[in-house]
Amino acid sequence: MKQSPEDFFREQERIGELVSKFECNVFDDGTTAVWFDSEDIEDICNFYLELGKPEKAEKAVSLGERLHPTDELMPMLRAHVLIEEDRAEDALELLDTVSYKSDYYWHYLRMGALADMERWGDACKEAEAVRRFDQNDVKIVLDISRVFSDRGRLDLAIRYLLKADNNSADPDLLNAIAHCYEEMRRYGDAMPYAERLIDIDPYQASAWQLKASLHLDMFEYEKAEDAYEYALAINPDNENIVFSYSKLLMFEGKEKRAFQMLDDFALRVPQWKGICIMLRADSYFYKGDYRKAHALYYKGFDKRLFLADSVVRYIECKSILQKWKGVVSVGSFLLKFTPDDVKLTEMVADAYACQKQYAMSAKLYRHCLRLEPESVYLLLRYGSLMLDMQDIKRAYYAINKAYKLMPAAAQTNLMMAVVCYLRKEYRRMYHHYRSACQLDKSMKKLFVQLCPEVKKYVYQLDSLARKCQKAGIENVEEFMFRKK
């Protein structure tokens, strides 16, 4: 039986009060002056895990273990925390110590831990054990599919979703199947489920929006427009529908209709006015009219309510127009919400470098490299920055690592030539210089631009190399740099 909206909000309010009670009455040493039932501990733990805060969930479990040392729910909650901390093996060991092994939650946790370890066959066995508790309960099937889809196994997720679909009229199940197929890029398979959702309730705007999205995925723009029109007629003040539909119209070159739609929406729902302006700015950005786009981005940007994609384009616009202080200001703000966005971090790092704030730039580049340690592009960028800072040691480390990852690239050989020259390793310098020029003739001019003081020296070596080749000397570099 489905939970009514009233019951849902009442339950959320209860959990909110419970978490507040926990945070106000549990001391730093983990002790408390108030009582929490084991079910209370479970609700608090799940609340924090859903927020992605396993450290706080762990604190709740520790309290539960003190208050209820013999309750077998506690080791299972502890195992759940371990799984969220990517400690699947430890979670399995702990679950094996639980004496009551026929619990739904026990099998569910084992399924998650085994899936984390990529033991898919064993994870599927646990999934079947979970299903046996109630094969008609859609929530159980959705929980199973989520375990597999979150770990990239959409094929297993859809398998269990389809097992539950026996001409089902459950909107949650049909929606999950459609979205799973969409994520698998099997848009044709997803469409019947979107249409079934519409058949069940033709006045459900989200079902029409899903249908529009699938038509978009299949490049059926006219059909997508029709579906968006239905969705908009049902719920004209839904921002997701308005924004998605306006983006489609702008993509099709129907800016006038899109702008009118956004203007009307902003009048009806003033809180979204800023985003409507920024979506208009996106249109000018894609046309290459960066000054007009920047003016609209500036007018519409609101730190309280924004679309991250539009803000990124705002930052790109500032970067193109070389408004470096603005890139740092807006980029640093957005990084608070997306600290692991490498592209955004790099843009802010470059803006710092352009203002000669090399230390801040280097700090951000090091963060990028922690996220993508084998990115040749980032290694070369960081190496170039270290050269600007005259830190030859770190420059060499980064550039040499990039070269080892991609030894047959002209750019890595060129940068190795530059850093070897600065280290006074002239033989290695010339080796990488020649390799770069053989791969791309334009590297010769670029190398001379980067190291103008070696222009005459390199040209003399090139001349000598040609003479050696004419004389039939095979190993030119060995001959040129031989000890005399």
Side-chain angles (χ1 to χ4, degrees), residues 48 51-56 239-240 243 247 266 271-391 394-395 397-399 401-402:
Y48 285 126
L51 284 181
K53 295 182 177 180
E55 68 286 348
K56 288 199 171 185
E239 67 277 4
N240 291 323
F243 296 158
K247 287 177 184 177
Q271 74 186 75
W272 296 107
K273 182 178 179 181
I275 290 180
C276 290
I277 293 171
M278 292 195 80
L279 287 172
R280 293 185 70 153
D282 285 344
S283 176
Y284 290 106
F285 177 87
Y286 287 125
K287 288 180 178 178
D289 191 344
Y290 302 116
R291 294 195 179 280
K292 193 160 187 177
H294 183 270
L296 287 170
Y297 282 133
Y298 181 81
K299 182 180 178 182
F301 179 56
D302 186 342
K303 289 185 177 181
R304 296 167 299 176
L305 200 63
F306 59 88
L307 292 177
D309 289 347
S310 291
V311 177
V312 169
R313 284 186 280 276
Y314 181 27
I315 296 165
E316 287 182 30
C317 205
K318 284 183 176 292
S319 183
I320 292 166
L321 298 173
Q322 298 185 358
K323 296 179 181 290
W324 306 121
K325 288 184 179 179
V327 173
V328 169
S329 174
V330 182
S332 298
F333 163 75
L334 191 55
L335 281 173
K336 293 176 184 177
F337 302 93
T338 55
D340 294 340
D341 187 321
V342 173
K343 181 183 176 183
L344 176 60
T345 306
E346 185 201 342
M347 283 196 288
V348 178
D350 286 344
Y352 273 121
C354 289
Q355 296 176 85
K356 300 191 184 303
Q357 297 183 41
Y358 296 126
M360 284 300 299
S361 180
K363 181 181 178 182
L364 291 173
Y365 264 116
R366 282 193 287 270
H367 178 63
C368 288
L369 285 168
R370 280 193 290 272
L371 297 170
E372 296 184 10
E374 295 193 350
S375 168
V376 172
Y377 172 76
L378 288 174
L379 285 165
L380 291 179
R381 296 285 292 174
Y382 179 63
S384 298
L385 179 63
M386 290 299 102
L387 290 177
D388 290 337
M389 296 175 69
Q390 298 182 346
D391 189 338
R394 284 182 175 167
Y397 173 81
I399 293 168
K401 184 176 179 180

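Between Asp340 and His367 there is a side-chain heavy-atom pair separated by less than 4.5 Å. Residues Tyr397 and Met386 form no side-chain contact, since every pair of their non-hydrogen atoms from C-beta on lies 4.5 Å or further apart. In this structure, the side chains of Asp388 and Lys356 stay at 4.5 Å or more apart for every pair of heavy atoms. Residues Arg313 and Tyr286 meet the side-chain proximity criterion, which asks for heavy atoms closer than 4.5 Å. For the pair Ile275/Ser310, no side-chain contact is recorded, criterion being any heavy-atom separation below 4.5 Å from C-beta on. Within the 4.5 Å cutoff, the side chain of Leu279 has heavy atoms near those of the Leu307 side chain.
Below 30°, between 30° and 60°, or above 60°: for Phe243 and Trp272 the angle between ring planes is above 60°, a perpendicular geometry. Using cut-offs of 30° and 60° on the angle between ring planes, the pair Phe333 and Phe337 is perpendicular. Ring-plane geometry between Phe306 and Phe301 is classed as tilted, the angle between the planes lying from 30 to 60 degrees on a 0 to 90 degree scale.
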* To do: Show your working on side chain to side chain contact (heavy atoms under 4.5 Å, CB included) between Tyr290 and Glu316 and close with a plain yes or no.
  => CA-CA 9 Å; Tyr290 302 116; Glu316 287 182 30; over 6 Å; no
* Could you give me the CA-CA distance, side-chain angles and deciding distance for Tyr352 and Tyr358, then say whether ring-ring contact (aromatic ring centres under 6.0 Å, His included) is met? => CA-CA 7 Å; Tyr352 273 121; Tyr358 296 126; over 10 Å; no
* **Working for side chain to side chain contact (heavy atoms under 4.5 Å, CB included), residues Leu51 and Lys56** => CA-CA 10 Å; Leu51 284 181; Lys56 288 199 171 185; over 6 Å; no
* To do: Start with the C-alpha gap between Ile320 and His294, add the side-chain angles, then the distance that decides, and say whether side chain to side chain contact (heavy atoms under 4.5 Å, CB included) holds.
  => CA-CA 10 Å; Ile320 292 166; His294 183 270; over 6 Å; no
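Atom NZ of Lys401 sits in a crowded spot, with more than 12 heavy atoms from other residues, nucleotides or ligands closer than 6.0 Å. Under a cut-off of 6.0 angstrom, the local environment of CD in Gln390 is sparse, with at most 12 non-hydrogen atoms contributed by other residues, nucleotides or ligands.
Here the shortest heavy-atom pairing between Ser361 and Ala353 reads OG-CB, 3.6 Å. Considering all non-hydrogen atoms of both residues, Ile315 and Gly331 come closest at CD1-CA, 3.6 Å. Residues Ala293 and Phe285 share a closest heavy-atom pair of CB-N, 3.6 Å. Residues Thr345 and Pro339 approach most closely at OG1-O, 4.0 Å, considering heavy atoms. Contact between Ile277 and Leu296 at its shortest, heavy atoms only, is CG2-O, 3.3 Å.
Here OG of Ser384 is found 8.5 Å from OH of Tyr365. Values are rounded to the nearest 0.5 Å. Note that NZ of Lys299 and CZ of Arg280 are 8.0 Å apart. Values are rounded to the nearest 0.5 Å. We find the CG-CD1 distance between Leu380 and Ile399 to be 6.5 Å, quoted to the nearest 0.5 Å. Distance check: Glu346 CD to Leu371 CG gives 12.5 Å after rounding to the nearest 0.5 Å. Distance check: Ser329 OG to Leu334 CG gives 11.5 Å after rounding to the nearest 0.5 Å. Residue Leu387 holds its CG atom at 13.0 Å from CZ of Arg394, rounded to the nearest 0.5 Å.
At distances below 3.5 Å, not a single donor-acceptor pair connects side-chain atoms of Lys325 with backbone N or O atoms of Gln355. A donor-acceptor pair under 3.5 Å is absent between the side-chain atoms of Glu372 and the main chain of Cys368, judged by distance alone.
The existence of a salt bridge linking Asp289 and Lys287 is excluded, since no basic side-chain nitrogen approaches an acidic carboxylate oxygen closer than 4.0 Å. Using a cut-off of 4.0 Å between Lys/Arg side-chain N and Asp/Glu carboxylate O, Asp282 and Lys247 are scored as not salt-bridged.
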